[in-house]
Colleague: 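Mind looking over this structure? Questions follow.
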Amino acid sequence: MDCSEAILETPAMAYRILFKSAVALPLWHYLVGVLFVFVVFSYNFLEFHFFQDIFTGFRGGPVFLTYNPSSEIYHGVVSKCRTLHGRYLATPWLSSPHFQTSFVNFFGRPPVFTYRRQMFHASDGGMFALDWLLHSDVSGVAAQNNHAIAKDDTTPIVVMVPGLTSDSASPYMKHLVFHTAKRGWNVVVSNHRGLGGVSVTSDCFYNAGWTEDVREVINYLHQEYSAAPLFVVGTSIGANILVKYLGEDGENVPIAGAAAVCSPWDLLIGSRFIARRLIQKLYDRALTIGLQGYAQLHETRYSRLANWEGIKKSRSIRDFDTHATCLVGNYETVDTYYRRCSSSSFIGKVAVPLLCISALDDPVCTREAIPWDECRANKNVVLATTLHGGHLAFFEGVTGSGLWWVRAVNEYLGVLLSSSYMHTQKKAENLGPHSAIMQSSIDQGPYLNVADGMVAAMGNETSEEKNDHDQKNEIVSVTENHALTNVKKSDFATNAGEDGAGSKRSSFVERCVYQLSRQNNKSIWLLAYIAIISSWPIVGAAFGYFFKRKLKRALPAKVPK
């Protein structure tokens, strides 16, 4: 009887041998194994892409552009932007969207400079800060000339709208402000109410769809500096507010061009996304703590207007919106608030050149909320997406000292300024205060800013908006053509007619390949795995039948007894 037979006869003996073998192994072997498992788990959990970057030779990923094939903004402006037609490679030691997002918020390596503060008094009695950085402040020309901008100054002005609970002191905002001013422009950050060290002086709080403050600031700047072209850049929740404002006022905005970076787009979808996985729940909790801190700064008003006990016990952004946003803003439900304030319902009415930038691995604002079709349909919109970048991060270079999206936005605005495609304000006839297109619910009551770019997402179900200031807004009709933007060229694009039953098979294949190219490697391997598992019963049965017949022929026939 050999050893294998003894083990088969006495299973307990097999366990004894395994136990003795396990005890005989050195402890450091186990430590190495545990470390290896931990590294593999962390690599996948934190969505690192370092090895992917190595396999691609650190060339980075392409920037995917989505636009209407007949868009003059693309052909006359974006097509000349080298940054948007290049590739983005994340800083190697920050090759994780979570590392990037955390680093830009807690460190960020922002440039050092000092703002000039101007207090702005809103029409409802509220007050917030406008923080200026002039080109002369960073060029050294105005060291002895500390005066304000001249009324007839033609230097372009860029208005920055920060994200959730962010202000002019946020690292990513300082990157954008400084580099924009270095290009020769004057920059002003429109801080949200209650932020930037300024107390709330009215019962109005800002929220994800509160556009009145941006509207008043832009109209004021246009009146004060009528000779200077106005541009606006919104980030995260600020991007959502910007796009909603542009959609509400259509042609009747004194803005030459705009950019929206890492917008949440659909707050309802975002709300469900951020509560889906453990890593997203961590962001949800962190943002909730930030909102609770904001509410604590203005406890006197919140305790009177909202459910203060509910605010203190909130564990998620949705909880906070339930006890604060909906009560202060007079929304029936949280979903109502999300739907009415989502910018995805307003992107089709944007009438100014607008560049939108989003990262497909954004851990706060999910790619599921991006309005691809609406961006393709509007000739004024170009959407740029990258495979990596995180939320408002996009660090590049070995040292991680620069942000790719800041460089892309500045180049875009510079090319737009030198082109003939800048928007000019066109006042139109009144559409009627109760027009189906113009009614807006957010203007009925302000709120307290909810989760910034990552906030619960809502799909705006109503396209109507109301203008509280007696302005007459014209809404331009959206083009009927739907183009599939191009990662390569607009030959992938098809119009609405081509999307019907008469489209060619090659176009269909191209569209499928394009869609697959936007998915990550995990999705493709998952599809392959599903295909193998689902087809194995049939394939396995066929192989079994085939080899069974071969085996019968090869074996000698049975000898009859």
Side-chain angles (χ1 to χ4, degrees), residues 61-88 229 231-234 239 242-243 246-247 250-251 253 255-263 265 343-344 346-360 367 370-387 389 404-424 476-499 507 510-511 514-515 517-518:
V63 180
F64 303 105
L65 297 176
T66 300
Y67 60 92
N68 190 293
S70 58
S71 169
E72 293 182 343
I73 305 303
Y74 171 77
H75 295 291
V77 180
V78 176
S79 63
K80 300 176 182 178
C81 298
R82 297 181 61 184
T83 303
L84 294 173
H85 283 81
R87 303 173 72 87
Y88 168 66
F231 299 88
V232 186
V233 179
L242 169 62
V243 174
L246 296 177
E251 290 278 3
V253 291
I255 296 175
V261 184
C262 294
S263 173
W265 293 113
S343 60
S344 58
F346 296 86
I347 188 69
K349 305 188 190 93
V350 172
V352 307
L354 175 65
L355 171 67
C356 304
I357 296 178
S358 292
L360 298 182
R367 59 198 282 177
I370 298 176
W372 303 97
D373 291 341
E374 289 82 350
C375 291
R376 294 182 191 117
N378 192 333
K379 295 180 181 180
N380 300 303
V381 178
V382 175
L383 171 65
T385 54
T386 60
L387 294 176
W404 175 88
W405 68 269
V406 170
R407 187 160 57 90
V409 167
N410 283 330
E411 183 183 20
Y412 163 75
L413 295 180
V415 175
L416 179 60
L417 178 65
S418 61
S419 73
S420 60
Y421 298 102
M422 288 193 298
H423 174 264
T424 54
V476 281
S477 58
V478 180
T479 176
E480 294 285 291
N481 291 332
H482 295 274
L484 190 62
T485 121
N486 53 301
V487 178
K488 301 176 180 177
K489 289 188 177 179
S490 57
D491 42 311
F492 273 11
T494 58
N495 58 28
E498 293 172 335
D499 285 338
S507 298
E510 287 175 342
R511 289 198 300 273
Y514 172 75
Q515 294 296 334
S517 70
R518 294 199 307 200

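Values below: all heavy atoms of this structure, side chains included; hydrogens, waters and symmetry mates excluded.
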Colleague: Could you check whether any side-chain heavy atom of V77 comes within less than 4.5 Å of a side-chain heavy atom of P353, counting everything from C-beta outward?
Modeller: no

Colleague: Can you classify the ring geometry of H75 versus Y67 as parallel (below 30°), tilted (30 to 60°) or perpendicular (above 60°)?
Modeller: perpendicular

Colleague: Can you name the nearest heavy-atom pair linking L242 to A259, along with the distance?
Modeller: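 So the minimum-distance heavy-atom pair works out to CD2-O, 3.4 Å.
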
Colleague: Taking C-beta and beyond as the side chain, do M422 and L416 meet within less than 4.5 Å on heavy atoms?
Modeller: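 Yes, at least one pair of side-chain atoms sits under 4.5 Å.
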
Colleague: Can you sort out the partners of S358 under side chain to side chain contact (heavy atoms under 4.5 Å, CB included), two or more places apart, ordered by chain and number?
Modeller: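 With neighbours one apart ignored, the set is W265, I370, T385.
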
Colleague: CG/N68 to NZ/K379 distance, rounded to the nearest 0.5 angstrom?
Modeller: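 If I round to the nearest 0.5 Å, the distance is 6.0 Å.
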
Colleague: Can you tell which of T66, L84, V78 makes a side chain to side chain contact (heavy atoms under 4.5 Å, CB included) with V382?
Modeller: V78

Colleague: Looking only at heavy atoms, what is the nearest atom pair of W404 and R87, with distance?
Modeller: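 Residues W404 and R87, closest heavy atoms: NE1-O, 4.5 Å.
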
Colleague: Just verifying a value: how many Å separate N380 CG and K349 NZ, rounded to the nearest 0.5 Å?
Modeller: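 Reported value, rounded in 0.5 Å steps: 14.0 Å.
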
Colleague: Distance check, rounded to the nearest 0.5 Å: R407 atom CZ versus T83 atom OG1?
Modeller: 4.0 Å

Colleague: Rounded to the nearest 0.5 Å, what separates atom CG in L246 from atom CD in E251?
Modeller: 11.5 Å

Colleague: State the CG-SG distance between L354 and C375, to the nearest 0.5 angstrom.
Modeller: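 Between atom CG of L354 and atom SG of C375 there are 8.0 Å.
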
Colleague: Please round to the nearest 0.5 Å and tell me the distance separating atom CZ of F64 and atom CG of L360.
Modeller: 7.0 Å

Colleague: Closest heavy-atom contact between G348 and N378?
Modeller: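 Answer, listing the atom of G348 first, then N378: O-ND2, 3.3 Å.
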
Colleague: Between L355 and A408, which heavy-atom pair has the shortest distance, and what is it?
Modeller: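 Answer, listing the atom of L355 first, then A408: CD2-O, 4.5 Å.
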
Colleague: Could you report the tightest heavy-atom contact between G247 and V350, atom names first, then the distance?
Modeller: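 Closest heavy-atom pair between G247 and V350: N-CG2, 4.1 Å.
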
Colleague: Examine distances only and state if a side-chain atom of S79 and a backbone atom of Y74 form a donor-acceptor pair shorter than 3.5 Å.
Modeller: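 Judged by distance alone, yes, a pair lies under 3.5 Å.
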
